[in-house]
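The next block holds one structure in the form of structure tokens; read it before the comments.
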Amino acid sequence: MIDLLKFHIACVILILPFSLSVADAQEPLRLTRLVESIQIDGISNEPEWQKIEPLPMTMNRPTYPGEPTEKTEIRLAYDKDYLYCAARCYDSDPSGIRVNSLYRDRSSKDDKFGIILDTFNDKNSALSFWTTPAGVRGDEAIFNDGKTENENWNTYWDVATIQNEEGWFVEMRIPFSSLSFQDEDGRVVMGLIAYRDIARKNERIVFPDLSPERDIDTSSRAHPVVFNQIYSQKPVYFTPYVTGGFGQTPVLNDAETAYHLKNELARNLGVDIKYNVTSNLTLDTTLNPDFAQAEADDQQVNLSRFSLFFPEKRQFFQERSGIFSFNFVGRDRLFHSRQIGIQDGERVPIMGGARLVGRVGNWDLGFLDMHTARRENIPRKNFGVLRLRRQVLNTDSYAGIMLTNRIDEEGNYNFAYGLDGIFRIFGKEYLTL
């Protein structure tokens with residue numbers, strides 16, 4: 001039975017702010033390789049730091065180009081395992097430093113320091129790492145040259161901050177094992193953007209010199225930086241879990257004269273495995289996941305006639321999730337992984353599945369296959385998705401295809417497909433299909 005067979009084409013000419021990438025014309029910045037170790041305490045007073053020249057910073061807002069009103073020194077270095085970043089955010093009025101949130105990935109009008117890394121130097125995707133004076137960590141994945149962001153992406157990294165009468169100070173340490181990149185005999189080129197936000201002044205200071213016509217998370221404008229003797233790694237991550245519990249539920253007897261306690265023993269186990277097939281292709285597999293560690297949804301009040309939209313927060317589905325993006329008008333989309341494991345608002349157990357994402361040659365590849373278990377009157381189902389996309393014409397244009405299929409044990413199925421593309425015709429004019 002075909003529940004859905006839909007082909008949707010929307011065409012619109014978008015006039016978008018656009019500036020040609022100058023990263024290719026810039027002289028790459030060769031980062032310093034550390035000889036001695038650095039303690040991550042926020043102070044950045046080791047001799048190794050003193051040998052490194054700070055990055056030249058420019059005011060991005062409110063005046064561009066402008067001279068920063070507060071002194072900011074940002075230094076970067078690396079060793080064989082980590083990328084290190086130190087920021088000295090001096091402030092003439094330390095009492096004006098703002099911190100309003102202690103939640104991860106949230107910075108509501110806070111002072112902030114961050115870096116953006118185009119790890120593949122493809123001028124399209126990037127990873128963002130930022131912190132506040134309170135040491136709050138924020139990380140997100142960026143796709144489509146800043147047009148799409150996934151704030152629910154998380155990875156492993158460290159940060160330490162301190163505040164004193166001079167301002168606030170940061171040290172970051174990001175493992176290369178948390179970054180996907182490609183090396184050529186140990187030589188790695190990435191794109192870099194570094195910035196500082198001074199909330200009370202609505203001021204942003206950036207490196208490199210970026211005009212405010214587009215947001216700073218456009219990886220096509222990142223400055224190239226070079227690492228030597230750094231090699232992409234293929235770690236295997238095993239994440240097993242075991243849960244258990246005991247409960248008693250009052251149950252009315254058949255005569256409806258008294259209650260007796262029904263004992264229930266809850267137990268479950270499963271495992272997730274992540275493996276980098278290549279430096280640019282990641283395989284995630286899972287068996288009997290429970291996603292207990294997933295962040296809770298934000299509370300929303302619906303005052304409209306439309307259903308609320310809840311983003312995907314389960315970590316298994318986060319790796320380069322932008323590849324599966326196929327959006328129409330607003331939040332309508334051909335595929336949303338949040339629908340796997342949920343039916344009619346009820347949780348359906350997931351038996352297991354696999355997810356392969358990355359790039360093969362010039363193609364972006366996304367493949368997903370998941371199986372859900374039977375629950376009461378809900379039959380077992382299989383969900384399959386295949387996504388292919390590649391750049392065409394120029395670095396700002398791409399075309400792609402997506403196929404989705406859902407089939408249950410009773411033979412009912414739902415098949416959908418779509419073609420999409422974004423093409424820069426000339427200048428600032430784009431054609432979206």
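One-based numbering along the sequence shown.
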Might you work through the salt bridge (Lys or Arg N to Asp or Glu O under 4.0 Å) test for R387 and D420, ending with a clear yes or no? CA-CA 11 Å; R387 172 66 157 155; D420 69 332; 3.0 Å; yes
Walk me through it: do D215 and R204 pass the test salt bridge (Lys or Arg N to Asp or Glu O under 4.0 Å)? CA-CA 11 Å; D215 206 355; R204 172 168 287 170; 3.4 Å; yes
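Side chains of N288 and N268: a donor on one and an acceptor on the other come within 3.5 Å. Under the 3.5 Å distance criterion, with hydrogens and angles disregarded, a donor-acceptor pair is assigned to the side chains of D369 and N382. Under 3.5 Å, the side chains of D110 and T132 contain no donor-acceptor pair of N or O atoms. Using modelled atom types and a 3.5 Å distance limit, the side chains of E312 and S337 yield a donor-acceptor pair. Judged by distance alone, the side chains of D272 and T286 do bring a donor and an acceptor atom under 3.5 Å apart. Under 3.5 Å, the side chains of S92 and E70 contain a donor-acceptor pair of N or O atoms.
Of all the heavy atoms in R33 and Q229, the pair that sits closest is NH1-O, 3.4 Å. Scanning both residues, D111 and A199, for their nearest heavy atoms gives OD1-N, 3.3 Å. The two residues L365 and I323 make their nearest non-hydrogen contact at O-CD1, 3.7 Å. Taking each heavy atom of A126 and I116 in turn, the nearest pair found is CB-CG2, 3.8 Å.
Of the options R196, E166, E73, K112, a side chain to side chain contact (heavy atoms under 4.5 Å, CB included) to C89 is made by R196 and by none of the others. The only member of Q163, R200, K71 that meets side chain to side chain donor-acceptor pair (under 3.5 Å) when paired with D91 is R200.
Between F335 and F324, the ring planes are tilted. Angles from 30° to 60° get that label. Using bins of under 30°, 30° to 60° and over 60° for the plane-to-plane angle, the ring pair F169/Y90 lands in the perpendicular bin.
Counting only heavy atoms from C-beta outward, the side chains of M402 and Y417 never approach each other to under 4.5 Å. Two residues are said to be in side-chain contact when any heavy atoms from C-beta on lie closer than 4.5 Å; S304 and N302 meet this criterion. At a threshold of 4.5 Å between non-hydrogen side-chain atoms, the residues P208 and I193 count as touching.
Because its NZ or CZ atom is not both nearer than 6.0 Å to the ring centre of F326 and within 45° of the ring axis, R333 does not count as a cation-pi partner of that residue. A cation-pi contact links R389 to Y398, judged by a cut-off of 6.0 Å to the six-membered ring centre and 45° from its axis. No cation-pi contact links R75 to W49, judged by a cut-off of 6.0 Å to the six-membered ring centre and 45° from its axis.
Salt bridge status for R137 with D158: absent, with no side-chain N to carboxylate O gap under 4.0 Å.
Taken from OG in S178 to CZ in F129, the straight-line distance is 7.0 Å, to the nearest 0.5 Å.
At least one donor-acceptor pair under 3.5 Å links the side chain of D408 to the backbone N or O of N412.
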